[in-house]
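The residues of the chain are indexed from 1 along the displayed sequence. Just so we're clear, the structure is a prediction, and the values are computed from it rather than from any experiment.
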Amino acid sequence: MVVTLGEDPVGRDLVEHLRPHDTLLLPGLDMPMLPELLAVRHDAELALARVHPATTRAWGGPIEHGVRTLDLFSELPFHPGRLREFVADLAGNGLLARGCFWLPSRPGRVCTWEVAGGVVSVGDAGPWDAALSVKVNSLEGAALGQKQGGGEGPRCHLVVTGIADEAQCARVADAFHRILLRPEEMGEALAWVGVPDGLEDWFGRE
């Protein structure tokens, strides 16, 4: 449940971009919350699945006040060297981001990506086979598959939200595509496995 306070149009648009569509939205503290809460059955397992980086989704919302959401997706992995080179461009300026990616040097691991308050955080969310078994309901699964061409297997999927103009959105999207392993480089992807990738200070050794 999300309770909104105030009338700031930009803040309201940000809430719409960031909240899942099935979230209960109440306008202010004067609304009767208890009956609304008692009418909802909370599924803890499903709630945890929704916040897993491998099930991140772009919700979107109004854009009249400058709020934008980018839904960046590819089945190609990130190039480890270019990720370090373009990390600041991918993070953008004053944006929120969340999602997952994979590296040819760590093909079995779900790498996490989060940006908030100008700080980039990366991590390891475990193996992809465990992430693929994360419980999602049939409606979410169908929407995910329709949106992303299946949404199964290792993938790079980042959802970026913030107050941004078209130029800033283009810079972030361009950085995402620059970092991806190019199709002609995929033939050499196996050569990355088991060798140092220059990201040991971020993820540790594989």
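Of all non-hydrogen atoms in Val115 and Ala91, the two that sit nearest each other are CG1-O, 4.0 Å. Here the shortest heavy-atom pairing between Ser74 and Leu76 reads OG-N, 3.0 Å. The two residues Pro107 and Pro154 come nearest to each other via the heavy atoms O-CG, 4.2 Å. Here the shortest heavy-atom pairing between Pro27 and Thr4 reads CA-OG1, 3.5 Å. For Pro62 against Glu16, the heavy-atom pair with the smallest separation is CD-CB, 3.8 Å.
Formation of a donor-acceptor pair under 3.5 Å by the Arg19 side chain with backbone atoms of Leu24 is not found in this model. A donor-acceptor pair under 3.5 Å links the side-chain atoms of Trp128 to the main chain of Arg109, judged by distance alone. With Glu188 contributing its side chain and Glu185 its backbone, the two residues share no donor-acceptor pair below 3.5 Å.
Around CD of Glu184, the count of heavy atoms belonging to other residues, nucleotides or ligands within 6.0 Å exceeds 12. Surrounding CG of Asn93 are at most 12 heavy atoms belonging to other residues, nucleotides or ligands under 6.0 Å away. The 12-atom threshold is exceeded at CG of Asp165, counting heavy atoms of other residues, nucleotides or ligands nearer than 6.0 Å.
Following chains of ILVMFWY side-chain contacts shorter than 4.5 Å, one cannot reach Val159 starting from Phe78, and the two form parts of different hydrophobic clusters. Linking Ile, Leu, Val, Met, Phe, Trp and Tyr whenever their side-chain heavy atoms come within less than 4.5 Å leaves Val15 and Trp59 in two separate clusters. Met1 and Leu14 fall into different hydrophobic clusters, where Ile, Leu, Val, Met, Phe, Trp and Tyr residues are linked whenever their side-chain heavy atoms come under 4.5 Å apart, directly or through other members. In this structure, Met33 is a member of the same hydrophobic cluster as Leu5, with clusters built from ILVMFWY side-chain heavy atoms closer than 4.5 Å. Under the 4.5 Å side-chain heavy-atom criterion for Ile, Leu, Val, Met, Phe, Trp and Tyr, Val10 and Ile63 are members of distinct hydrophobic clusters.
Using a 4.5 Å cut-off on side-chain heavy atoms (C-beta onward), Cys100 and Thr112 make no contact. Here the side chains of Val2 and Leu26 are not in contact, with every heavy-atom distance at 4.5 Å or above. Trp113 has its side chain within reach of Val87: a pair of non-hydrogen atoms, C-beta onward, lies under 4.5 Å apart. Taking 4.5 Å as the limit, every side-chain heavy atom of Val160 sits out of range of all side-chain heavy atoms of Leu96. Using a 4.5 Å heavy-atom threshold, the side chains of Cys156 and Phe176 count as touching. A 4.5 Å side-chain heavy-atom check between Trp202 and Leu83 finds at least one atom pair inside the cut-off. Arg82 has its side chain out of reach of Arg178: every pair of non-hydrogen atoms, C-beta onward, lies at least 4.5 Å apart. Between Arg68 and Thr161, the closest side-chain pair of non-hydrogen atoms is not below 4.5 Å.
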Trace of the side chain to side chain contact (heavy atoms under 4.5 Å, CB included) decision for Cys111 with Phe203
CA-CA 9 Å; Cys111 299; Phe203 297 101; 4.0 Å; yes
Could you walk me through whether Trp192 and Leu103 pass side chain to side chain contact (heavy atoms under 4.5 Å, CB included), step by step?
CA-CA 9 Å; Trp192 282 98; Leu103 298 165; over 6 Å; no
Please walk me through it: do His157 and Asp71 pass side chain to side chain contact (heavy atoms under 4.5 Å, CB included)?
CA-CA 7 Å; His157 184 206; Asp71 190 3; 2.6 Å; yes
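Summarising the geometry, atom CD belonging to Gln168 is positioned 9.0 Å from atom CG belonging to Leu70; distances are rounded to the nearest 0.5 Å. We find the OG1-CZ distance between Thr56 and Arg98 to be 4.5 Å, quoted to the nearest 0.5 Å.
With salt bridges taken as basic N to acidic carboxylate O contacts below 4.0 Å, none links Glu75 and Arg155. Salt-bridge formation is detected for the pair Asp201/Arg84: a Lys NZ or Arg NE/NH1/NH2 atom is positioned less than 4.0 Å from an Asp or Glu carboxylate oxygen. Classification of Arg106 and Asp197 as a salt-bridged pair holds, one side-chain N sitting under 4.0 Å from a carboxylate O.
In this structure, a donor-acceptor pair under 3.5 Å is present between the side chains of Thr69 and His17.
Each of Leu18, Asp8, Val67 was scored for a side-chain contact (heavy atoms from CB on, under 4.5 Å) with Asp13, with one residue passing: Val67.
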